[in-house]
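Only one structure is covered here, and it is reproduced in the block below.
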Amino acid sequence: MTQRVLVTGGAGFIGSHYVRSLLGGVYPGWEDAEVTVVDRLTYAGNPANLEPVGGRHRFVHGDICDPDLLRTVVPGHDVVVNFAAESHVDRSITAAAEFVRTNTLGVQTLMRACLDAGVTKVVQISTDEVYGSIDDGSWDETAPLAPNSPYAAAKAGGDLIAGAYAHTYGLPVSITRCGNNYGPYQYPEKIIPFFLTNLLDGRAVPLYGDGLNVRDWIHVDDHCRGVQTVVEHGRAREVYHIAGTAELSNTELTEQLLKAVGADWDSVERVADRPGHDRRYSLSDAKLRALGYAPRVPFAEGLAETVRWYADRRGWWEPLRAAAAKGASG
Ligand code: NAD
């Protein structure tokens, strides 16, 4: 049976990878899926991310906080996967309201529309950051939410409201929580594409604080396969972790990026730490693995491929960096 899939935030980094995979026939049995993308096209949403599948999906330029729009778009879809979010922690520190709007109110508006339309599978995409920071060990899905940044708090709000729609109204929604993603088409503000594009231009990179904050990295392709596993086999009202494959401090990551582009530590500037910077995130993914999922992309391979992609695709990121520089000076 042809599945009709609505992907919100499908013009961003991870959502567009999911759409390209779905329409590229990567998920067996879903080759004929009909896909609609709803995206507000913020600075992070980029129609160029969907060019490889141009014309094979329906694109709706719109906001998940707009109930009238959702009332016209959501009916007729079997599956809704919500990637739409404000996603950059640094921006949430200077402009939190937009994060609460999209990451919490937007989720409520979308859940309501899914309920009214009788959608049979909803997946809310979330993050390990909702748990706060952990010095040792890993969180499982029962860990209490203790978010620290406005980004993480607003995502936790979205998760809680999605859970409430499952509990109160029986909406068939599952939640996925993932670690730090890397890969092609990531807007050049997060550490890997920001550092890479700086280094490729011969510029310095700013390393926060003592550089010892630890993140668990996952290739975007593994994240999206984890999401698809939950779309196909996940249970409603359940949370599933999609863990990374490489736990690295920012110093270790910087070392690998410098090496990959032939630069050295002279290109690194130490800068004041991010306020409230979480020290470490770590997820246990045993629950998702029990559904048949396992990550496939070894970090060294995925990073080398990502470095090549940014080196070869200046035409994708140079306009984004130029627009950001203009915005900053304007
Ligand atoms: P992104 O910033 O690259 O993309 C977000 C997309 O959402 C953009 O296309 C943007 O235009 C769209 N959008 C923003 N507000 C919207 C609104 N109100 N209505 C409709 N569309 C809107 O983010 P990403 O890195 O692709 O992250 C996708 C999801 O995955 C987010 O929910 C994020 O919290 C989650 N996540 C990301 C990471 C990561 O490392 N990037 C890790 C774990 C979880």
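Index from 1, following the sequence. For ligands, and for the atoms within them, numbers begin at 1 and follow the listed sequence.
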> Got an N/O contact under 3.5 Å between Gly12 and ligand 1?
Replying inline: yes
>> Are the side chains of Trp316 and Pro188 in contact, using a 4.5 Å heavy-atom criterion?
In response: yes
> Nearest protein heavy-atom contact for atom 30 (O) of ligand 1: which residue, which atom, what distance?
Replying inline: Ile125 CG2, 3.5 Å
> So is there a nitrogen or oxygen of Asp63 less than 3.5 Å from a nitrogen or oxygen in ligand 1?
Replying inline: yes
>> Taking the basic N atoms (NZ, or NE/NH1/NH2) and the acidic carboxylate oxygens, is any pair closer than 4.0 Å for Glu98 and Arg40?
In response: yes
>> So, 4.0 Å and heavy atoms of Cys178: is ligand 1 close enough to count as a contact?
In response: yes
> Thr42 heavy atoms, cut-off 4.0 Å: which ligand 1 atoms fall inside?
Replying inline: 10 (C), 11 (O), 14 (C), 15 (N)
>> Please state which option from Phe83, Trp217, Phe99, Tyr18 has its nearest heavy atom closest to atom 28 (C) of ligand 1.
In response: Phe83
>> Is there a side-chain contact between Ser149 and Asp278 in this structure, where contact means two heavy atoms from C-beta onward sitting under 4.5 Å apart?
In response: no
>> If you take the nearest heavy atom of each of Gly9, Ala85, Pro47, Gly62, which one is closest to atom 14 (C) of ligand 1?
In response: Ala85
> So between Ile64, Asn180, Asp39, whose heavy atom ends up nearest atom 12 (C) of ligand 1?
Replying inline: Asp39
> Closest approach of Val74 and Cys114, non-hydrogen atoms and distance?
Replying inline: CG1-CA, 4.1 Å
> According to the interplanar angle, ranging from 0 to 90°, do the rings of His219 and His17 count as parallel (below 30°), tilted (30 to 60°) or perpendicular (above 60°)?
Replying inline: perpendicular
> side-chain hydrogen bond (donor to acceptor under 3.5 Å, both in side chains) with Arg177: which of Asp128, Asp159, Thr127?
Replying inline: Asp159
> Please state which protein non-hydrogen atom is closest to atom 2 (O) of ligand 1 and give its distance, to 0.1 Å?
Replying inline: Ser87 OG, 2.7 Å
> What is the closest protein heavy atom to atom 21 (N) of ligand 1, and at what distance does it sit?
Replying inline: Arg40 N, 3.1 Å
> Taking the non-hydrogen atoms of Ser126, is any one of them nearer than 4.0 angstrom to ligand 1?
Replying inline: yes
>> Between ligand 1 and Asn46, is the shortest N or O to N or O distance under 3.5 Å?
In response: no
> Do Lys287 and Glu238 meet the salt-bridge criterion of a basic N to acidic O distance under 4.0 Å?
Replying inline: yes
> Does a salt bridge link Asp90 with Arg274, judged by any charged N lying under 4.0 Å from a carboxylate O?
Replying inline: yes
> Quick one: which of Leu105, Ile14, Thr8 has a heavy atom closest to atom 26 (O) of ligand 1?
Replying inline: Ile14
> What part of Leu41, side chain from CB on, backbone N/CA/C/O, both or neither, has a heavy atom under 4.0 Å from ligand 1?
Replying inline: backbone
> Taking only heavy atoms of Ala84, which atoms of ligand 1 are found under 4.0 Å from at least one of them?
Replying inline: 7 (O), 20 (C), 21 (N), 22 (C)
> How far is atom 3 (O) of ligand 1 from its nearest protein heavy atom, and which residue and atom name does that atom have?
Replying inline: Phe13 N, 3.1 Å
>> Does the residue Tyr151 have a heavy-atom contact with ligand 1, meaning some pair of atoms that are separated by less than 4.0 Å?
In response: yes
> Is Glu318 salt-bridged to Arg321, cutoff N-O under 4.0 Å?
Replying inline: no
> Does any N/O atom on Lys155 come nearer than 3.5 Å to any N/O atom on ligand 1?
Replying inline: yes
>> Just to confirm my output: which protein heavy-atom neighbour is closest to atom 42 (C) of ligand 1, and how far is it?
In response: Gly179 O, 3.1 Å
> Just how far is it from atom CE of Met111 to atom CG of Asn82, taken to the nearest 0.5 Å?
Replying inline: 5.5 Å
> Thinking salt bridges, do Glu189 and Arg91 make one under a 4.0 Å N-O criterion?
Replying inline: yes
> Which protein non-hydrogen atom lies closest to atom 15 (N) of ligand 1, naming both residue and atom, and how far is it?
Replying inline: Thr102 CG2, 3.5 Å
> How close does the nearest protein non-hydrogen atom get to atom 40 (O) of ligand 1, and which residue and atom is it?
Replying inline: Asn181 N, 2.9 Å
> In terms of side-chain geometry, is the basic nitrogen of Arg71 or Asp66 positioned less than 4.0 Å from the acidic oxygen of its partner?
Replying inline: no
>> Angle between ring planes, Trp139 versus Tyr281, binned at 30° and 60°: parallel, tilted or perpendicular?
In response: tilted
